[in-house]
K.L.:
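Have a look at this one.
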Amino acid sequence: MSYRPDLPMIVQSDRTILLEAQHPQFEEARQAIAAFAELIKSPEYIHTYRITPLSLWNAAASGMKPEQVTGLLGAYSKYGVPPTIVRDIHETIGRYGLLRLIQSEGQLRLVSSDPLLLRELTSYKSVSALLDAGEDSLAPGTETAAVPVKAYARGLIKQELIRLGYPVQDLAGYHEGEDCPVSLRATTSSGRPLQLRAYQQEAIDAFYAAGTVMGGSGVLVLPCGAGKTVIGLGVLCQLQKATLILTTNTTSVRQWIAELRDKTDLDPSCIGEYSGERKEVRPVTVATYQILTYHPDADSEFPHMALFSERDWGLIIYDEVHLLPAPVFRVTSGIQATRRLGLTATLVREDGRQEDVFTLIGPKRYEMPWKVLEEQGWIAEATCKEIRLPFEGKWREAYALAGARQKYRIAAENPRKLAVVQKLLERHEHDQVLIIGQYVEQLEHMAKLLDIPVITGKVPERERELLYQRFKAGEINRLIVSKVANFAVDLPDANVAIQISGTFGSRQEEAQRLGRILRPKQKENAAHFYTLVTRDTREQDFAMNRQLFLIEQGYKYEVIEIESLD
DNA sequence: CAGGGGGGAA
DNA sequence: AGGTATCCCCCCTG
């Protein structure tokens, strides 16, 4: 391979990719590798990506071939693609589909075109424990080997095999579940015509096609504001089966129910709420994750998990699937014959359980990049700025002397942030501004000094709603919010967000906070996101990690260094 | 039945 | 690794 110094990328044999961020071809190269590589570092000149097995399998699940992956790498790489990487990519993608779960003659079977591999993997005790007795000779005359799998172990065996490095393609099919005739209305109850956007229909089709050919489960990844609920409703209307919808909190439960009433022709008596307050189990039931994970004491059962078997569900929708809690994973593992749809804006989890999402919900079936949605005008154009500021002397000292545990908090609560916020508020005098932070003390302090209303978990629901309304109406145009902003679905739209502190390195929180200002704007379709960071502290390190997902999506953070604040 | 407290979870 | 705030459950009170 010849040396092409004009190209923007270097592909290395340790599965990392170095991409020049200032290169004219940066943007197209970034888009090309986004489907199968994960961003791990993004300083100003060279971004580092890593090709992971899971990202390759997700790409494979959406139909990508190894030649396409290596082709894209080769097209932008100065030194070509190292032969070991080419082999590695072929081998890893080749693993997807090598093992399949199928159902034949009433028996669940693990099959492979590689008998030796099958023998090797089933010799692990953890795997053989999940097999039914007896060697299997499934299809005489073919090269395919098969072993019978215990019916209950459909999820467990997939989890175990992916741990051993082999994803399983699940083609064992689904039971249909109870019928539930439903379709989308032509117009919403307010009389507006209901027309799915092109990408929403594509996402539904991607899932439905998966349902007929590959097995109807998987994850749809769409940015905040892309209309994930509508897509969920679309899938429901496509399948027309009793459906359990799981989501993060009761506000969101109510939101789903409102949407079901507004946009489908379901009779209200067919829609149930299963929450702390009500325990309705109807053909379409909406519940929170938290009620499912409720158990009276540490080592007792989960009484509400029975919801999974209380009706013959034909579809389970996991809203915000990246937040799915561990006990729900366990139950989900046991219901692999039920169709499952995961919805999320950021497939990343900081706890590394994305393999479980891949295995137990299903592979990624569709992804809509944020920037594409922006180009189509469905979300506002956002500019991101990271403002780095120093400590003042006393705090600098406190930081230096503090133990590792307190360092982050001291940096996050740097009182100099106040003056910066003030400046930004002056600049955005006529804008709707949200100030978002994580430490209640810091927020309340700032609220007092700037005379801005503050919403934390302590503020009663009614008061919150009142403030939201006044903000929406434009009566007030500044609001300080704590982590309530992470959950509130009814938080009003703003066009400026100032982040003064956040949860360590959470990429998904950063994305969600940006999402708060992305609803398309009436006048100028622009939004501004600022994040305030104390320079040369742990906060700066965490800020870098927080930004990775959005940078991966093509957002750029302009760094503004503030030396002193006079 | 509204509202507050305790407890667990991610 | 590191940790705070939040949410939601259920139970209790009046």
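We name chains A, B, ... by the order of the sequence lines, and we start the count at 1 in each one.
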K.L.:
Using whole Å, what does the distance between atom P of nucleotide dA1(C) and atom CD of Gln406(A) come to?
P.N.:
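That distance rounds to 20 Å.
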K.L.:
What is the distance, to the nearest angstrom, from the CG atom on Leu323(A) to the P atom on dC8(C)?
P.N.:
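So the CG-P distance, Leu323(A) to dC8(C), works out to 13 Å.
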K.L.:
Out of dC10(C), dT6(C), dC7(C), which has the shortest distance to the side chain of Arg464(A)?
P.N.:
dC7(C)
K.L.:
Could you walk me through whether Glu178(A) and Lys241(A) pass salt bridge (Lys or Arg N to Asp or Glu O under 4.0 Å), step by step?
P.N.:
CA-CA 6 Å; Glu178(A) 186 184 327; Lys241(A) 301 292 174 188; over 6 Å; no
K.L.:
What nucleotide among dA10(B), dT6(C), dC8(C) has an atom nearest to a side-chain atom of Asn249(A)?
P.N.:
dC8(C)
K.L.:
Check every strand shown and say whether Pro327(A) touches a base, only sugar-phosphate, or nothing at a heavy-atom separation below 4.0 Å.
P.N.:
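Sugar-phosphate only.
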K.L.:
Can you tell which of dT6(C), dC10(C), dT4(C) lies closest to the side chain of Val484(A)?
P.N.:
dT6(C)
K.L.:
Where the side chain of Arg538(A) is concerned, which of dA1(C), dC9(C), dA5(C) is the nearest nucleotide?
P.N.:
dA1(C)
K.L.:
The side chain of His304(A) is closest to which nucleotide in this list: dC8(C), dG3(B), dC9(C)?
P.N.:
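Comparing dC8(C), dG3(B), dC9(C) against the side chain of His304(A), the answer is dC9(C).
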K.L.:
With the side chain of Phe504(A) defined as its heavy atoms from C-beta on, choose the nearest nucleotide among dA5(C), dG2(C), dG8(B).
P.N.:
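Of the options given, the side chain of Phe504(A) lies nearest dG2(C).
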K.L.:
Using atom types as modelled and distance alone, determine if a side-chain donor or acceptor of Trp395(A) lies under 3.5 Å from a backbone N or O of Pro390(A).
P.N.:
no
K.L.:
Please state how far atom CZ in Phe329(A) lies from atom P in dA9(B), giving the value in whole angstrom units.
P.N.:
16 Å
K.L.:
Between dC7(C), dA1(C), dC8(C), which nucleotide gets closest to the side-chain atoms of Thr288(A)?
P.N.:
dC8(C)
K.L.:
Whole angstrom is fine here: how far is it from CZ in Arg513(A) over to P in dA5(C)?
P.N.:
13 Å
K.L.:
Picking from dC10(C), dC7(C), dC9(C), which would you name as closest to the side chain of Gln290(A)?
P.N.:
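Side chain of Gln290(A) sits closest to dC7(C).
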K.L.:
What is the separation between atom CG on Leu324(A) and atom P on dA10(B), rounded to the nearest whole Å?
P.N.:
10 Å
K.L.:
Using a heavy-atom cut-off of under 4.0 Å over every strand shown, decide if Thr503(A) touches base, sugar-phosphate, or nothing.
P.N.:
base
K.L.:
Without decimals, in angstroms, what is the distance between Glu277(A) CD and dC9(C) P?
P.N.:
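Distance check: Glu277(A) CD to dC9(C) P gives 8 Å.
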K.L.:
Just checking, Arg154(A) and Tyr174(A): is the charged tip under 6.0 Å from the six-membered ring centre and within 45° of the axis?
P.N.:
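Pair Arg154(A)/Tyr174(A) counts as cation-pi.
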K.L.:
dG2(C), dG8(B), dT6(C): which one has an atom nearest the side-chain heavy atoms of Phe542(A)?
P.N.:
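For Phe542(A), the side-chain atoms sit closest to dG2(C).
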K.L.:
Any side-chain heavy atom of Phe529(A) sitting closer than 4.5 Å to one from Tyr557(A)?
P.N.:
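Touching, per the 4.5 Å side-chain cut-off.
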K.L.:
Check whether the side chains of His528(A) and Thr383(A) place a donor and an acceptor atom closer than 3.5 Å, and report yes or no.
P.N.:
yes
K.L.:
I need the CD-C1' distance between Glu539(A) and dG2(C), as an integer number of Å.
P.N.:
14 Å
K.L.:
Taking for each residue the nucleotide of DNA chain C with the nearest heavy atom, is it Ile291(A) or Gly505(A) whose nucleotide lies nearer the 5' end?
P.N.:
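In this pair, the answer is Gly505(A).
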K.L.:
So, OP1 or OP2 of dC10(C): does either fall under 4.0 Å of a side-chain N or O from Lys279(A)?
P.N.:
yes
K.L.:
Rounded to whole angstroms, how far apart are CD on Glu444(A) and P on dT4(C)?
P.N.:
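One finds 16 Å between P of dT4(C) and CD of Glu444(A), rounded.
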K.L.:
Please determine if a side-chain N or O atom of Thr250(A) lies less than 4.0 Å away from the OP1 or OP2 oxygen of dC8(C).
P.N.:
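Indeed, a polar side-chain atom of Thr250(A) lies that close.
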K.L.:
Between dC9(C), dT4(C), dA10(B), which nucleotide gets closest to the side-chain atoms of Ala326(A)?
P.N.:
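Nearest to the side-chain atoms of Ala326(A), counting from C-beta on, is dA10(B).
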K.L.:
May I ask you to decide if the ring planes of Phe542(A) and Tyr408(A) are parallel, tilted or perpendicular, using 30° and 60° as cut-offs?
P.N.:
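Plane angle over 60°, so perpendicular.
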